[in-house]
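See below for the structure under consideration.
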2 protein chains.
Amino acid sequence: MLTTFRQLDDSDATPKYMQVERMLREALATDALRPQDALPAERDLAEELGVSRITIRKAIGTLVDEGLLHRRHGAGTFVTGSAQRIEKSSSKISSFSEDMAARGLRSHSEWISRSSGSVTPEESINMGLSPGAPVFRFNRIRYADELPMALEYSTIDANCLRSLDAVESSLYKALAETGNRPTRALQRLRAIAFDEGRAELLKMPLGSPGLLIERRGFLKNGRLVELTTSYYRGDAYDFVAELSD
Amino acid sequence: MLTTFRQLDDSDATPKYMQVERMLREALATDALRPQDALPAERDLAEELGVSRITIRKAIGTLVDEGLLHRRHGAGTFVTGSAQRIEKSSSKISSFSEDMAARGLRSHSEWISRSSGSVTPEESINMGLSPGAPVFRFNRIRYADELPMALEYSTIDANCLRSLDAVESSLYKALAETGNRPTRALQRLRAIAFDEGRAELLKMPLGSPGLLIERRGFLKNGRLVELTTSYYRGDAYDFVAELSD
DNA sequence: GAGTGGTCTAGACCACTCG
DNA sequence: GAGTGGTCTAGACCACTCG
């Protein structure tokens with residue numbers, strides 16, 4: 001197997017290891033590298049691309065972590081076959097708008113309130129922010145195809161958004177614009193009965209079942225940017241999760 | 001914050017970065033490093049332990065990947081607070097017994113029924129089994145610390161278990177004995193209101209909220225072995241999911 | 001400006017695999 | 001024995017954070 005890679009772009013500000021990583025991903029995507037194929041040796045790749053071996057190792061390491069490649073000590077680095085690939089939790093992080101779009105529904109929101117303030121002591125602990133740190137709060141009713149689907153109460157680290165008005169329809173879009181879209185999230189789900197206030201907002205009977213979802217959204221560096229509590233109609237929404245060992 | 005670490009053991013054949021990693025884990029476990037604490041700078045740690053900075057970075061990198069630490073460019077490396085920590089285990093496939101054990105609860109079951117039969121037409125489609133294929137059905141009330149927690153209705157491909165009696169308390173244990181423990185599962189969650197029959201079995205008021213969980217468990221080769229529908233008490237059970245992009 | 005993590009180099013030696 | 005990945009060093013320069 002002989003693959004030739006083009007040279008790195010010196011004018012590109014992207015770190016070299018990411019450029020190498022992208023190059024390898026493309027080779028995998030275009031089948032220039034096929035399952036079971038051996039990659040060129042790290043030293044050879046390093047020489048060919050004019051970077052150090054450590055840079056090559058860092059790029060390969062990411063793909064190994066993702067299960068796309070695997071290394072065998074003394075033997076080489078190989079492309080993982082699709083059959084042997086371990087699918088990482090395919091539970092993708094997505095916003096309400098994206099979630100509804102994936103279900104083929106059109107979404108819009110109605111604002112309950114939108115305000116700036118500072119963290120409560122409880123939030124301060126939960127979000128790892130200093131006491132008094134500025135936050136934005138976004139409270140709205142979320143609709144899917146004209147049906148009131150959920151109530152959503154979000155608290156966002158104010159440093160992660162340009163302004164209070166930056167959020168039009170999609171919070172995640174606004175966070176992405178400043179490079180602060182969460183890449184990981186922890187969600188806690190529980191079944192609850194709607195109290196009078198929430199039942200009314202969602203036009204549901206008092207006491208009917210709903211799904212309470214608490215979400216904590218984190219940046220790549222581990223910092224918490226989002227703390228959202230949502231109440232979904234039990235009759236119209238279900239949540240899918242993939243588990244693996 | 002001042003933490004002193006003992007020197008590395010030169011006679012230890014374990015790679016240095018793993019020794020450093022273990023050292024940091026111990027500091028975290030014994031609260032020598034507490035949430036929000038800053039670690040010593042990488043250069044300082046390297047000097048203190050007599051290793052290169054790259055070795056320190058590799059050790060820290062592992063813990064960052066696990067979410068135990070997080071780095072802030074230009075600021076330092078910090079201990080992640082437990083509230084902001086993402087539990088890896090959350091997307092792990094586990095049985096009811098294991099799930100309860102992880103929450104520090106003791107579990108047992110009460111059988112509603114246990115029978116062998118053949119697939120219904122609906123199951124046949126869902127499980128990819130030929131019409132009339134043999135299955136076992138296990139229906140039980142699941143208790144956590146004497147509290148009725150859930151109703152569980154499982155249908156299992158009969159070829160995957162030694163016998164109907166092979167299942168004592170843990171279904172997954174019995175499946176593991178024949179090498180047929182699912183490695184992947186797809187779960188669907190929804191909020192429901194308990195009907196009279198289920199409310200009575202769980203000693204809950206009629207109409208109180210519950211979590212309906214439908215689980216499909218797959219072997220590594222993609223074959224479906226388990227089809228389980230569970231009803232969890234809404235007031236006592238929550239489900240945690242980890243999402244990523 | 002001082003300190004921090006992020007990237008990168010050009011080497012080195014080791015343990016392992018393969019024919 | 002030749003080739004491979006695994007570990008490790010002692011530097012270097014950069015971008016970022018903080019007071």
Side-chain angles (χ1 to χ4, degrees), chain A residues 1-2 7-22 24 36-65 68-80 128-130 133 157 159-160 178-180 219-223, chain B residues 1-2 7-24 36-65 68-80:
Chain A
M1 217 277 327
L2 227 154
Q7 291 302 298
L8 296 190
D9 181 357
D10 277 340
S11 67
D12 191 341
T14 314
K16 292 183 187 176
Y17 76 90
M18 287 189 195
Q19 292 189 49
V20 175
E21 187 188 319
R22 178 152 33 89
L24 291 171
Q36 320 307 337
D37 277 355
L39 262 68
E42 295 174 354
R43 288 166 183 81
D44 296 345
L45 260 182
E47 196 182 2
E48 188 181 340
L49 296 173
V51 299
S52 77
R53 191 180 152 210
I54 287 195
T55 300
I56 296 292
R57 276 186 69 77
K58 182 152 185 179
I60 290 179
T62 305
L63 302 180
V64 167
D65 284 345
L68 296 169
L69 301 177
H70 58 275
R71 295 196 255 229
R72 282 172 49 212
H73 190 180
T77 303
F78 303 86
V79 179
T80 306
L129 294 173
S130 346
D157 182 343
N159 293 314
C160 294
T178 55
N180 289 314
L219 297 183
K220 204 187 276 180
N221 64 16
R223 185 139 67 160
Chain B
M1 217 282 321
L2 226 154
Q7 292 302 297
L8 296 191
D9 182 356
D10 278 339
S11 67
D12 191 340
T14 313
K16 293 183 186 177
Y17 75 90
M18 287 190 195
Q19 292 190 49
V20 174
E21 189 189 318
R22 178 152 33 89
M23 203 167 275
L24 290 170
Q36 319 306 337
D37 276 356
L39 262 68
E42 295 175 353
R43 287 166 184 79
D44 296 345
L45 260 182
E47 195 182 2
E48 188 180 342
L49 296 173
V51 299
S52 77
R53 189 179 154 213
I54 287 195
T55 300
I56 296 292
R57 275 187 69 76
K58 182 152 186 181
I60 290 179
T62 304
L63 302 179
V64 167
D65 285 345
L68 296 169
L69 302 176
H70 58 275
R71 296 196 254 229
R72 282 172 50 211
H73 190 180
T77 303
F78 303 86
V79 180
T80 305

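Every chain is numbered from 1, with letters handed out A, B, ... down the list of sequences.
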Step by step, would you call B/Gln19 with B/Val51 a side chain to side chain contact (heavy atoms under 4.5 Å, CB included)? CA-CA 11 Å; B/Gln19 292 190 49; B/Val51 299; over 6 Å; no
Evaluation steps, side chain to side chain contact (heavy atoms under 4.5 Å, CB included), between A/Val20 and A/Leu45: CA-CA 10 Å; A/Val20 175; A/Leu45 260 182; 5.8 Å; no
List the residues meeting side chain to side chain contact (heavy atoms under 4.5 Å, CB included) with A/Arg57, not counting sequence neighbours, and say none if there are none. A/Glu42, A/Arg53, A/Arg71
Separation of [Y] [atom2] from [X] [atom1] (nearest 0.5 Å):
X: A/Arg22; Y: A/Met18; atom1: CZ; atom2: CE; value: 10.0 Å
X: B/Leu24; Y: B/Leu39; atom1: CG; atom2: CG; value: 6.0 Å
X: B/Thr55; Y: B/Ile60; atom1: OG1; atom2: CD1; value: 11.0 Å

Atom-pair distance (CD on A/Glu47; P on C/dA10), nearest Å: 11 Å
In whole angstrom, what separates A/Asn159's CG from D/dC18's C1'? 14 Å
In which ranges does DNA chain D form stems of 3 or more consecutive Watson-Crick or G-U pairs, distances under 3.5 Å? C:1-18 with D:1-18
Go through the steps to decide whether A/Asp157 and A/Asn180 satisfy the test side chain to side chain contact (heavy atoms under 4.5 Å, CB included), and finish with yes or no. CA-CA 10 Å; A/Asp157 182 343; A/Asn180 289 314; over 6 Å; no
Return the polar atom pairs (N/O with N/O) between nucleotides 6-9 of chain D and the protein under 3.5 Å, or none.
unit_1	atom_1	unit_2	atom_2	d
D/dG6	OP2	A/Arg57	NH1	2.7
D/dG6	OP2	A/Arg57	NH2	2.9
D/dG6	OP2	A/Arg71	NE	3.2
D/dG6	N7	A/Arg53	NH2	2.7
D/dG6	O6	A/Arg53	NH1	3.1
D/dT7	OP1	B/Tyr17	OH	2.5
D/dT7	OP2	B/Lys58	NZ	2.9
D/dC8	OP1	B/Lys16	N	2.3
D/dC8	OP2	B/Tyr17	N	3.2
D/dT9	OP1	B/Lys16	NZ	3.1
D/dT9	OP2	B/Ser52	N	2.6
D/dT9	OP2	B/Ser52	OG	2.6
D/dT9	OP2	B/Thr55	OG1	2.6

For the student: nearest non-hydrogen atoms of B/Val79 and B/Leu69, plus distance: CA-CD2, 3.9 Å
